[in-house]
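Data block below; observations after.
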Amino acid sequence: MKGLDLKLFFIIVIISFGLGLYLFNDKYNSYSEIITFLSIMIGFKITSLSILFNSPLKRTLYNRRDYNYGTELHRLKDFYKHSIYFDFISVIALFLIASSWKYIFVLPIITGSVYCFYKTTNELLKIFVYPTNEKWNFHFQR
C-alpha cells in the first residue's frame, strides 16, 4: 500500500492499540481463534490471487493506468502483498509474544486484517465490471 491507503492503515492500527488496552486484559485467552481467522484470511487471499492470475482480466488491469502504482494490476498486487504479509506476521507475533503482553495486540491485529481485507475485496469488486473478452477489450480501447 502507498500514500493515503498506508496512512489510513497505520492510523487504524495505532488507534486500535489504544482501544485494545481498554477492551482487553491479560485474562484474554482466545488467541487460537484469532490465528484461525488469520489463516482463513490468508487462504482466501491466496486463492483469489491465484484465480486472478489465471484470468484474462490480468491483461486489462495491466493496461489500465493508476497514478500512484503505475497500473491497476500493480495496485492490486501491492494490496495483496501488504495484506498477506500483515496476516502472516500477525500469526508469527501471536506465537512469539509473551502471553502477558499478547492481549495488547489483539485489536490491532483484527482491525489491521479487516482493513486489508476491505481494501483487497474493494479492489476486486471494483474490477469485477471490467470486460474480459479480448475482442471487446481491443474494440473498447480504440
Side-chain angles (χ1 to χ4, degrees), residues 1-26 28-134 136-142:
M1 283 193 246
K2 295 180 182 177
L4 182 62
D5 298 323
L6 191 61
K7 288 176 187 174
L8 283 173
F9 174 76
F10 282 124
I11 288 169
I12 288 170
V13 170
I14 290 169
I15 290 172
S16 297
F17 268 111
L19 289 174
L21 287 171
Y22 294 108
L23 296 176
F24 297 102
N25 57 26
D26 57 352
Y28 181 80
N29 198 19
S30 296
Y31 302 107
S32 63
E33 286 88 0
I34 295 173
I35 291 172
T36 302
F37 169 74
L38 293 173
S39 299
I40 291 169
M41 297 295 280
I42 292 169
F44 163 76
K45 291 167 191 167
I46 290 173
T47 302
S48 63
L49 186 61
S50 67
I51 291 170
L52 182 64
F53 180 76
N54 291 318
S55 168
L57 188 58
K58 187 170 68 169
R59 182 180 206 169
T60 303
L61 290 172
Y62 185 77
N63 290 334
R64 295 180 68 99
R65 297 290 166 214
D66 184 81
Y67 178 72
N68 291 324
Y69 296 88
T71 69
E72 286 193 23
L73 185 63
H74 288 91
R75 176 183 171 99
L76 191 58
K77 178 203 69 106
D78 278 355
F79 283 149
Y80 271 107
K81 183 176 88 173
H82 181 86
S83 182
I84 290 171
Y85 285 168
F86 178 77
D87 290 344
F88 181 73
I89 290 169
S90 298
V91 169
I92 298 299
L94 286 174
F95 281 123
L96 296 179
I97 296 172
S99 62
S100 61
W101 291 99
K102 232 185 248 192
Y103 72 94
I104 296 172
F105 296 95
V106 171
L107 194 60
I109 286 173
I110 291 171
T111 56
S113 181
V114 168
Y115 178 75
C116 290
F117 178 77
Y118 167 75
K119 291 303 286 184
T120 305
T121 305
N122 191 35
E123 289 299 311
L124 285 175
L125 292 175
K126 205 181 335 179
I127 66 173
F128 184 70
V129 297
Y130 292 168
T132 56
N133 187 344
E134 293 299 322
W136 190 24
N137 279 346
F138 177 72
H139 214 349
F140 185 69
Q141 291 176 354
R142 280 187 173 178

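Small disclaimer: the values here were computed from a predicted structure and weren't measured. Any value given below was found using the heavy atoms of this structure, including those in side chains, with hydrogens, waters and symmetry copies removed.
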Open item on the list: Can you tell me if Lys2 has over 12 outside heavy atoms packed within less than 6.0 Å of its NZ?
Closed with: yes
Scan the side chains in residues 3-24 for donor-acceptor partners under 3.5 Å anywhere in the protein, sequence neighbours excluded, and list what turns up.
| residue | atom | partner | partner atom | Å |
| --- | --- | --- | --- | --- |
| Asp5 | OD1 | Lys119 | NZ | 3.1 |
| Ser16 | OG | Ile12 | O | 2.7 |
| Ser16 | OG | Thr111 | OG1 | 2.6 |

Task: Intermediate values then yes/no, side-chain contact (heavy atoms from CB on, under 4.5 Å), Leu124 and Ser48 - done: CA-CA 9 Å; Leu124 285 175; Ser48 63; 4.1 Å; yes
Open item on the list: To the closest 0.5 Å, what do you measure between OH (Tyr31) and CD1 (Ile34)?
Closed with: 7.0 Å
Open item on the list: What's the separation between atom NE2 in His82 and atom CG in Asp87, rounded to the nearest 0.5 Å?
Closed with: 9.0 Å
Task: Nearest non-hydrogen partners of Ser83 and Lys45, listed with the distance - done: OG-NZ, 2.5 Å
- [ ] List the atom of Phe86, the atom of Pro108, and the distance in Å for their closest heavy-atom pair.
- [x] CZ-O, 3.9 Å
TODO: Report yes or no: does Tyr80 contribute a side-chain atom to a donor-acceptor pair with the main-chain N or O of Ile46 at less than 3.5 Å?
DONE: no
TODO: Please name the pair of heavy atoms, one in Glu72 and one in Asp66, separated by the smallest distance, quoted to 0.1 Å.
DONE: N-CB, 4.1 Å
Task: Nearest-0.5 Å distance that lies between atom CZ in Phe79 and atom CG in Asn122 - done: 8.5 Å
Open item on the list: I need the minimum non-hydrogen distance between Thr71 and Leu61, along with the two atoms involved.
Closed with: CB-O, 3.9 Å
Open item on the list: Using side-chain contact (heavy atoms from CB on, under 4.5 Å), reason through Leu49 and Phe53 one step at a time and then give a plain yes or no.
Closed with: CA-CA 6 Å; Leu49 186 61; Phe53 180 76; 5.7 Å; no
TODO: Hey, could you give me the CG/CD1 distance between Leu96 and Ile89, rounded to the nearest 0.5 Å?
DONE: 11.5 Å
Task: For Tyr115, ring-ring contact (aromatic ring centres under 6.0 Å, His included) partners two or more places apart - done: none
Open item on the list: Test side-chain contact (heavy atoms from CB on, under 4.5 Å) on Leu76 and Tyr69; report intermediate values, then the result.
Closed with: CA-CA 9 Å; Leu76 191 58; Tyr69 296 88; over 6 Å; no
Open item on the list: Can you tell me if Phe44 has over 12 outside heavy atoms packed within less than 6.0 Å of its CZ?
Closed with: yes
- [ ] Report the distance from atom OG of Ser90 to atom CZ of Phe37, rounding to the nearest 0.5 Å.
- [x] 10.0 Å
Task: Spacing of Leu38 atom CG and Ile84 atom CD1 [to the nearest 0.5 Å] - done: 12.5 Å
- [ ] Give a yes or no on whether a salt bridge exists between Glu123 and Lys126, defined as a side-chain N under 4.0 angstrom from a carboxylate O.
- [x] yes
